[in-house]
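Read the structure below first, then the notes.
What's counted below: heavy atoms across the whole structure, side chains too, no hydrogens, waters or symmetry copies. Reminder, nothing fancy here: chain letters follow the sequence lines and each chain counts from 1.
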Amino acid sequence: MKIIVCVKRVVDYNIKVRPKADNSGVDIASVKMSMNPFDEIAVEAAVRLKEAGQASEVVAVSMGVAQCQDTLRSALAMGADRALLVETDAELQPLAVAKLAKSIAEREQADLVLLGKQAIDDDCNQTGQMLAALLGCGQASFACDLQVDEDGLTVSREIDGGVQSVRLKLPAVVTTDLRLNEPRYVKLPNIMKAKKKPLERLSPEELNVDVSPRLTLLRASEPPRRQAGIKVADAAELVAKLRNEAKVI
Amino acid sequence: MSILIIADHGNGALKPATLNTVTAAAQLGTELHLLVVGENCAAVAEEAARIEGITKVLLADAPHYARQLAEEVAPLIARIAGDHTHLLAAAGTTGKDLMPRVAALLDVAQISEITAIESPDTFVRPIYAGNVMASYQSADPVKVITVRATAFEAAAVGDKAATVQAVEATAEAGLTQFIEETLTVSERPELTAAKVVISGGRGMGSGENFSLLEELADQMGAAVGASRAAVDAGFVPNDYQVGQTGKVVAPELYVAVGISGAIQHMAGMKDSKIIVAINKDEEAPIFQVADYGIVGDLFEVLPQLSEALKQS
């Protein structure tokens with residue numbers, strides 16, 4: 001079974017971003033960038049399948065600027081076999097990423113595509129589902145457990161109120177949720193080894209994919225800010241305030 | 001041209017978030033159609049027909065729609081999409097799973113978790129865990145949208161019923177089979193619909209200690225939630241999680257117990273009307289958003305709170 005795992009380069013999760021002063025966008029100049037944490041879980045899942053002898057090859061794929069190579073090197077250091085970058089300076093929205101991923105999945109004849117359920121920058125939670133639609137295959141979003149056998153996959157999904165278990169035929173798309181696994185720490189020798197693994201670069205034009213954005217960002221602004229309130233001495237005072245001042249109980 | 005709302009339901013009854021989605025749709029136009037897809041869900045369609053503002057209910061009833069799997073439902077919505085300017089669903093896990101698939105079939109963008117509507121083509125949504133509010137304009141002929149329920153009031157349900165029209169089912173896709181569902185059974189209100197939510201964090205120390213919150217919740221008619229730290233520590237199941245990657249809640253009263261206030265947790269609760277924080281660390285960021293704070297040991301404060309609620 002051949003696995004493709006998609007990884008996105010995003011602002012590191014520890015960094016609190018702010019809108020630009022003129023509200024034209026988000027100020028991310030010179031901030032630390034990392035692999036989207038949900039995609040890290042996807043890479044870990046793919047590499048574990050390889051280590052268990054259930055996957056023949058793991059190909060890490062990213063779309064975006066040249067620096068996405070760093071993100072791909074991280075995936076290679078975690079254990080992916082080779083990497084592919086669709087390089088462009090254009091703004092890529094989820095539909096465009098899904099189209100590029102479809103093209104790659106077909107080119108590579110992938111049996112399974114793994115990717116994070118959402119990216120922590122745009123918080124869209126769309127790409128995996130869109131990719132499954134374009135490939136005409138099954139989708140298991142928000143996966144918290146993944147079992148592979150010869151005929152397909154059994155996936156547990158985090159849904160409102162509990163967990164749903166579904167059975168998918170291959171090829172399939174699975175988007176990963178937090179509880180699926182805990183990604184490994186990468187050791188230095190693996191980082192060194194990753195530098196020698198193959199990384200191929202392509203362009204959207206070579207894949208014949210139109211990546212023009214469909215949505216235009218008109219304004220990015222600060223959310224309304226809450227005022228810090230008061231400290232109360234004890235539970236009795238709190239109950240009195242909630243009852244008489246806030247009137248919520 | 002009309003607007004299509006996809007009902008979020010469990011075959012037996014509508015989920016409350018559908019009512020908030022109708023309110024969002026009503027800001028876009030007056031011809032509001034509501035689609036109910038499922039199996040043996042005529043009762044849901046009848047209930048939906050009485051939502052104020054709905055002019056027509058479309059009912060697609062077939063065995064392969066029983067679990068509302070995106071692979072089965074998306075082709076149906078894509079087929080009838082052409083009659084509508086906007087397609088809206090609540091941003092629960094069903095809507096989040098379904099709507100991107102619909103959008104891709106239609107070759108249009110999808111706009112996730114909108115919190116405000118500026119015009120029929122411009123929508124506001126949070127990005128970066130709610131640290132930035134982004135206003136996006138769509139150039140697509142059909143706008144495919146998920147709606148953050150807490151950002152819109154619930155539409156009223158009246159006595160007057162709109163007509164219910166049956167819609168022919170699409171052929172079974174058969175790509176994915178449902179196996180089973182394990183739902184958390186609780187007497188307490190559902191997290192996203194509760195008027196009061198009490199959440200615990202890492203400070204709770206263990207899953208057993210959540211019983212302290214549960215007792216308090218029962219006293220107040222509240223739902224119990226948790227921070228991601230508490231979920232990651234294995235104290236409670238993931239469906240308790242409030243935050244960027246969990247549930248977004250906006251109750252009348254949110255009580256955060258032993259929660260420091262990570263950005264990703266605040267993204268899920270900062271629109272609550274009143275926030276109470278109980279934490280032993282005076283410097284915890286949660287106090288910056290709390291209307292009322294108690295600095296103290298939660299194991300002392302919780303019993304006192306329970307006692308104070310009993311009095312008067």
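- Of the listed residues (A:Gln126, A:Arg225, A:Lys169), the greatest number of heavy-atom pairs within a distance under 4.5 Å of chain B belongs to A:Gln126.
- Residues A:Pro19 and B:Asn131 approach most closely at CD-O, 4.4 Å, considering heavy atoms.
- Side-chain contact of B:Gln244 with A:Asp123: a donor-acceptor pair under 3.5 Å is present, judged by distance alone.
- For A:Leu170, no part sits under 4.5 Å from any heavy atom of chain B, backbone or side chain.
- Cation-pi geometry between A:Lys231 and B:Tyr292 is not met at under 6.0 angstrom from the ring centre and within 45 degrees of the axis.
- A salt bridge links B:Glu118 to A:Arg219: one of the charged nitrogens lies within less than 4.0 Å of a carboxylate oxygen.
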Open item on the list: Could you walk me through whether B:Leu69 and A:Gln164 satisfy the side-chain contact (heavy atoms from CB on, under 4.5 Å) test, starting with their C-alpha distance in whole Å, then the side-chain angles of each, then the deciding distance to 0.1 Å, before giving a yes or no?
Closed with: CA-CA 11 Å; B:Leu69 297 176; A:Gln164 180 187 68; 4.3 Å; yes
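- Taking B:Ile179, B:Val102, B:Leu98, B:Asp232 one by one and counting their heavy-atom pairs under 4.5 Å with chain A, the maximum is reached by B:Ile179.
- A salt bridge links A:Arg157 with B:Asp97: the distance from a Lys NZ or Arg NE/NH1/NH2 to an Asp or Glu carboxylate oxygen falls below 4.0 Å.
- Taking the charged nitrogens against the carboxylate oxygens, A:Lys241 and B:Asp291 have no contact shorter than 4.0 Å, which rules out a salt bridge.
- Both the backbone and the side chain of A:Cys124 come within contact range of chain B, with heavy atoms under 4.5 Å apart.
- In summary, A:Lys99 and B:Asp107 engage in a salt bridge, as defined by a charged side-chain N under 4.0 Å from a carboxylate O.
- Looking at A:Val232, the atoms closer than 4.5 Å to chain B (heavy atoms on both sides) sit in the backbone and in the side chain alike.
- With a 4.5 Å cut-off on non-hydrogen atoms, A:Val155 does not touch chain B at all.
- No hydrogens or angles considered: nothing links the side chains of A:Asn125 and B:Ser112 as a donor-acceptor pair under 3.5 Å.
- Comparing A:Glu237, A:Lys16, A:Glu182 by heavy-atom pairs within less than 4.5 Å of chain B, the highest count is held by A:Lys16.
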